[in-house]
Amino acid sequence: MKIITVKNSDIAGIKSADIVMDCIKKKKKFVLGLATGGTMIPFYESLSRLINNKKIDVSSVKTFNLDEYVGIDRNNEKSYFYFMNKHFFSKVGISRDNINFLNGNAKNLKLECKNYEKKIAKDRIDLQILGIGRDGHIGFNEPGSDLKSKTREVILLDATRKDNSRFFNGKIGKVPKKALTVGIETIMKSKKIILLAFGKNKAGIVHRFLHGSIDKNIPASFLKKHRDLTVILDREAANELD
Ligand code: F6R
């Protein structure tokens, strides 16, 4: 595992975008695993700027997003699909056919998850970018998730709904109670993983994740078994590390 600490989230966004871009340039049909949330915004800003300034052809890059709320239409501005369009897909030339997303409004959610899992298994993710929740979740794999978990429907914990209520005008009651998420086993099969964490709110979980033992109550801790994990922190998130 490699840990990189930089001054702030803007610099971390640039650093992570540089690493991702180097990887994309090396392989024609690159498969990129993506995440949403506040942490990802500086990363998507830097990556889209880099792609456009350097005129990199990303039309054949394939993407798989980690998660989506259940019961929210993808055109709804609270959906993760909408977030991705706003912050990344609308800015770069990735072919629409190459964008893969879980549909939280599918009639048969079990089948939706099974088919998504199959698609990822077929393509194999070259690089997965991740954030981390204050309870240690990755994707929507909440504490208690198994190392062997696959893409599935999950119930969100109140702590996560509370954290995400900032995207729902501060109203926890408006945050969906369920979501679809790629599983931990699925994430672990990615060839390379980059986890980003910024801000003082993340300092406690970053300490527990990096210094604690591997424990299903901190799902991110499973990542320490991965052979190619890079953790990029800003100073505030790294504040409690030794
Ligand atoms: C969302 C996802 C989540 C977030 C985590 C942190 O696609 O994968 O695990 O990374 O909830 O969210 P922020 O960045 O908003 O603190």
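In each ligand, atom 1 is the first atom listed, and ligand 1 is the first ligand listed. One is the number of the first residue; the rest follow in order along the sequence.
- Of all the heavy atoms of Asp67, the ones lying under 4.0 Å from any atom of ligand 1 belong exclusively to the side chain.
- Ion pairing between Asp146 and Lys216 holds under the 4.0 Å rule for side-chain N and carboxylate O.
- Residue contact check: Gly37 has heavy atoms under 4.0 Å from atoms 14 (O), 15 (O) of ligand 1.
- Of the charged side-chain nitrogens involved, none lies within less than 4.0 Å of a carboxylate oxygen, so that Lys15 and Asp18 do not count as a salt-bridged pair.
- No part of Met40 comes within 4.0 Å of ligand 1, judged by heavy-atom distances.
- When each atom of ligand 1 is checked for a heavy atom of Leu66 under 4.0 Å away, the hits are 8 (O).
- Summary of contacts: the protein heavy atom closest to atom 15 (O) of ligand 1 is Arg166 NH2, 2.6 Å.
- Between Leu156 and Pro176, the shortest heavy-atom distance links the atoms CD1-O, 3.5 Å.
- Outside the 6.0 Å centre-distance limit, the rings of Phe167 and Tyr69 are not counted as a close aromatic pair.
- For atom 16 (O) of ligand 1, the closest non-hydrogen atom on the protein side is Lys202 NZ, 2.7 Å.
- Here the options are Ile11, Leu195, Thr39, Ile19, the test is side chain to side chain contact (heavy atoms under 4.5 Å, CB included), and the partner is Ile232; only Ile19 passes.
- Only backbone heavy atoms of Ile132 (N, CA, C or O) come within less than 4.0 Å of ligand 1; its side chain stays farther off.
- Remark: minimum distance from atom 5 (C) of ligand 1 to any protein heavy atom is reached at His137 NE2, 3.4 Å.
- With hydrogens left out, the protein atom closest to atom 1 (C) of ligand 1 is Thr36 OG1, 3.2 Å, a heavy atom.
- Each of Glu185, Arg152, His137 was compared with Ser145 under the side chain to side chain donor-acceptor pair (under 3.5 Å) criterion, and only Arg152 meets it.
- Considering backbone and side-chain N/O atoms, Ile138 never comes within less than 3.5 Å of an N/O atom of ligand 1.
- Protein heavy atom at the shortest distance from atom 13 (P) of ligand 1 is Thr39 OG1, 3.5 Å.
- Residue Gly131 has at least one heavy-atom neighbour below 4.0 Å for each of these atoms of ligand 1: 10 (O).
- Nearest non-hydrogen protein atom to atom 3 (C) of ligand 1 is Gly139 O, 3.4 Å.
- Between Ile132 and Lys202, the shortest heavy-atom contact is O-NZ, 3.0 Å.
- Residue contacts with ligand 1 for Glu68 are absent, since no atom lies close enough (heavy atoms, distance under 4.0 Å).
- For Phe140 and Tyr80, the gap between ring centers is short of 6.0 Å.
- A donor-acceptor pair is defined here as one N or O able to donate and one able to accept, closer than 3.5 Å; such a pair exists between the side chain of Asn100 and the backbone of Thr63.
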